[in-house]
Amino acid sequence: MTETTTTTLRDRVGALVAEAARAAMQAGALPDVALPDDVVERPRDAANGDYASSLPLRLARSAMMPPLAIAEAIAAHLPAGEVIQAPEIAPPGFINLRLAEGFVQGEIDRIIEQGPNFADISLGTGKHAQVEFVSANPTGPLHVGNGRGAAIGDTLASALEAAGYEVEREYYVNDAGTQTDVFAETLYARYQQQHGLDVTVPEGGYPGEYMVDLARRLHDREGDRLLAGPGEPPPPELRELGIELMVEQIRDTLEGFGTSYERWFSERSLYEPASGETSAYDTALGTLRADGHLAEREGALWFTSSELGEDKDNVVLRSDGRPTYFASDIAYHHDKLVTRGFDLVIDVWGADHHGHVSRVEMATEAVTGNGEALHILIYQLVTLKRGAETVRLSKRSGEIITLDELVEEVGPDAARFFFLLRAPSSQMDFDLDLAVKQSNENPVYYIQYAHARLASILDRASGEGHAPEGGDVSLLTAPHELALVREMLRLPEVIELVATTYEPQHLAHYGIELATSFHAFNDAFRQQNDASLKVITDDPALTAARLRLVQAAKIALGRVLDLMGMTAPERM
RNA sequence: GCGCCAGUAGCUCAGUGGAUAGAGCGCUACCCUGCGGAGGUAGAGGUCAGAGGUUCGAAUCCUCUCUGGCGUACCA
């Protein structure tokens, strides 16, 4: 059994350079100076090696030596080895490192051994993480903007899993606030209309047509038993059933988008004491009160965040005695971090909520003492366009484009990938006309096509009696073959990057680059007009070796697609 | 007004203080009796919004200005 390496290759190479630097210090070739954490990076230009270190440039000041002299001192203690070739020094003070050919070849076997676990790292081993995302009010269908949150949150969760965390995906259901009152009133009006009553939707209610559909479903299911007397408010059960139906609809939409959750967390449950104990709300507010973070003023109860550096205080309990959503948020984060004890909690919010970030962070720190564990990820809003025309995203505007409609038009894979390509912090335009018109040119197909081609080659080889088993990877020496392996070896580093920056777009861009490497590899024979460069050739040993490369590439590409929640088709 | 996020190729966008700033789409020219052409190769296209500053080195960090999005409720 081969030992599984769960650090990244970058860390391994970096450790070699750091060791060499320390050896140079011990030998007196270099003054004893502190080393930075990261000593190697991936150079932009492959001509500068697989990894490069700018350590000499960075140490020049503290070591009081010219960068090139430092580079030579380090390089002298950095011999060629199993992993890297002899280093090259490049002005003004870089040490360029190339992976040893034998090492690159051997990694093919290791990737096949690891199979679907290839690229797992141990960054989060033993830690529990929670990613909460979408969490839209259950008062209407999900729109396109929610899709961005779903793609980001789900992929982030997958990347954290690959990084070793135990991850829970959670949807926070706002079933307790004033918006659900408005929802219930609107639904009740539509429900009454179903029974021929002349009632209008209340001022400020939800005008959308979906409320009519919802009322019809309610009518079909429950008949007229939810009708109250004239002038009476909607019965509580109607609200419950309405929210239930809406949550079901949202769950269906997300499943159709390829996203499912471990847990649907009810806001209302924060106010319900668990078996004779105090509720999460009482516990959290009690902590704040005990620590002197609450003050009564103007008949309301305030979180005195201005004493903690915030520009103003925030109401937790209104003068009419009803808690605000902020109060729920405090209790919710206490539950996440203290009651459930997650080591890492990521909230994925749309930019329309960014005004809440600092106060929730502050309150979380106050109530848990562990604010560091919370990371609130803000994604900028999606501007929806039809050609040049901007479509507003709002449940209250006339036209809303639902996530269902988007999935219907472009498919879940393309929709997810489109969202994942953009950094969360970047505002993005989503041109519906373009998405439909150019769906065949969407980069999602570029990646999936590469996967289908890989599968096809293995199929064909199998039909002709070839198999990857027993192939000798040391026969693979062509540049386009080794370049493909090198590209695969980046995946653990990409996962580490996503799991530490919480920015899933790196995965999407990497997917394109890996597919590009494969397409270039696969078309080399055609470009060079040389049939001996094909995978399946007259040479059985070479064929078997190349099939191992193809098998490994299929594993790597399949992993990337899986992390993004996309299908990895065997044929298209 | 104040705060947060952004401004990079014609368009949509990547870019972890390092070497000649990239991709897709669009455009130009090539490569098919094709292990799947939804592909490959090459090319044109840039004042990294502007001005200062920090640094051996800045698209990246800091300050200011301009432009856009969002927020700034006892709404969510």
Base-pair map of RNA chain B as dot-bracket, where | denotes pairing with a different strand and pairs are Watson-Crick or G-U under 3.5 Å: (((((((..((((....[...)))).(((((.......))))).....(((((..]....))))))))))))....
Which whole number of Å gives the distance between the [atom1] atom of [N] and that of [M]?
N: rG15(B); M: rA59(B); atom1: C1'; value: 8 Å
N: rG26(B); M: rG43(B); atom1: C1'; value: 15 Å
N: rC5(B); M: rC62(B); atom1: P; value: 10 Å
N: rC31(B); M: rG37(B); atom1: C1'; value: 10 Å
N: rU16(B); M: rU60(B); atom1: P; value: 11 Å
N: rU72(B); M: rU55(B); atom1: C1'; value: 37 Å
N: rC4(B); M: rC11(B); atom1: C1'; value: 27 Å
N: rC13(B); M: rG18(B); atom1: P; value: 24 Å

Counting only side-chain heavy atoms from C-beta out, which of [options] sits nearest to [X]?
X: Asp523(A); options: rC13(B), rG36(B), rG39(B); value: rG39(B)
X: Arg422(A); options: rA38(B), rU12(B), rC74(B); value: rU12(B)
X: His506(A); options: rG15(B), rU12(B), rC74(B); value: rG15(B)
X: Met428(A); options: rA19(B), rG36(B), rC13(B); value: rC13(B)
X: Asp352(A); options: rG24(B), rG36(B), rC70(B); value: rC70(B)
X: Glu503(A); options: rU12(B), rC70(B), rG15(B); value: rG15(B)

So [X], base contact, sugar-phosphate only, or nothing? Heavy-atom distance under 4.0 Å.
X: Arg322(A); result: nothing
X: Ser319(A); result: base
X: Asp45(A); result: nothing

Could you tell me how far apart [X] ([atom1]) and [N] ([atom2]) are, to the nearest whole angstrom?
X: Phe418(A); N: rC11(B); atom1: CZ; atom2: P; value: 15 Å
X: Asp429(A); N: rG68(B); atom1: CG; atom2: C1'; value: 11 Å
X: Ile512(A); N: rA14(B); atom1: CD1; atom2: P; value: 12 Å
X: Gln505(A); N: rU12(B); atom1: CD; atom2: C1'; value: 15 Å
X: Asp313(A); N: rA73(B); atom1: CG; atom2: P; value: 13 Å
X: Ile95(A); N: rA19(B); atom1: CD1; atom2: C1'; value: 15 Å

[X] with [Y]: basic N within carboxylate O range, under 4.0 Å:
X: Arg546(A); Y: Asp539(A); answer: no
X: Glu570(A); Y: Lys554(A); answer: yes
X: Asp329(A); Y: Arg359(A); answer: no
X: Asp175(A); Y: Arg239(A); answer: no

Determine, using ring centers only, whether Phe430(A) and Phe419(A) are less than 6.0 Å apart. yes
Do Tyr172(A) and Tyr332(A) make the cut of ring centroids closer than 6.0 angstrom?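 Yes, ring centres under 6.0 Å apart.
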Partner residues of [X] under the side-chain contact (heavy atoms from CB on, under 4.5 Å) criterion, sequence neighbours left out:
X: Ala450(A); value: Ala515(A), Phe518(A), His519(A), Leu557(A)
X: Ala21(A); value: Leu35(A), Leu55(A), Ile74(A)
X: Ala150(A); value: Val134(A), Leu254(A), Phe257(A), Thr259(A)
X: Glu307(A); value: Thr304(A)

Taking only side-chain N and O atoms of Tyr446(A), does any of them lie within less than 4.0 angstrom of OP1 or OP2 on rG40(B)? yes
When you measure from the side-chain N and O atoms of Ser456(A) to the phosphate of rG36(B), is any distance below 4.0 Å, counting only OP1 and OP2? yes
Return the set of residues passing side chain to side chain donor-acceptor pair (under 3.5 Å) with Glu88(A) (not counting sequence neighbours), or none when no residue passes.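 Residues passing side chain to side chain donor-acceptor pair (under 3.5 Å) with Glu88(A): Arg98(A).
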Do any pairs count as a salt bridge (charged side-chain N to carboxylate O under 4.0 Å, His left out) and have a residue in residues 319-328 of chain A, sequence neighbours left out, and if so which ones? Asp320(A)-Arg322(A)
Here the salt bridge (charged side-chain N to carboxylate O under 4.0 Å, His left out) pairs for residues 494-514 of chain A, sequence neighbours left out, are Arg490(A)-Glu513(A)
When you compare the protein's N or O atoms with those of nucleotides 59-63 of chain B, which come within less than 3.5 Å of each other, and at what distance?
none

Any residue in residues 525-535 of chain A with a heavy atom nearer than 4.0 angstrom to RNA chain B? Just list them by number, or reply none. Phe525(A), Arg526(A), Gln527(A), Lys534(A), Val535(A)
Within residues 478-491 of chain A, find the residues that approach RNA chain B with a heavy atom at under 4.0 Å, and present them sorted by residue number. none
Give the minimum heavy-atom separation between Leu301(A) and Leu285(A), together with the two atoms involved.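 Heavy atoms of Leu301(A) and Leu285(A) come nearest at CD2-CD1, 4.4 Å.
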Toward the 5' end of RNA chain B, which comes first, Leu57(A) or Ala515(A), by nearest nucleotide?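 Closer to the 5' end of RNA chain B: Leu57(A).
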Could you check Pro91(A) against His519(A) and say which one's nearest nucleotide on RNA chain B is further toward the 5' end?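 First, find each residue's nearest nucleotide; the 5'-ward one identifies Pro91(A).
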Mark yes when over 12 heavy atoms from residues, nucleotides or ligands other than Glu203(A) sit less than 6.0 Å from its CD; otherwise mark no.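 Open: at most 12 neighbouring heavy atoms sit under 6.0 Å from CD of Glu203(A).
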Does CG in Asp530(A) sit with more than 12 non-hydrogen atoms of other residues, nucleotides or ligands closer than 6.0 Å?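 Yes, the 6.0 Å shell around CG holds more than 12 heavy atoms from other groups.
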According to a cutoff of under 5.5 Å between the ring centres and under 30° between the ring planes, does Phe94(A) stack with the base of rG18(B)? no
Can you label the angle between the His375(A) ring and the Tyr502(A) ring as parallel, tilted or perpendicular, going by 30° and 60°? tilted
Flag side-chain contact, heavy atom, 4.5 Å: Phe521(A) against Val535(A):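 Phe521(A) reaches Val535(A) side chain to side chain.
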Nucleotide by nucleotide, 5' to 3', does protein get under 4.0 Å of the base (B), only the sugar-phosphate (S), or neither (-) in nucleotides 1-6 of chain B, counting heavy atoms? --BBBS
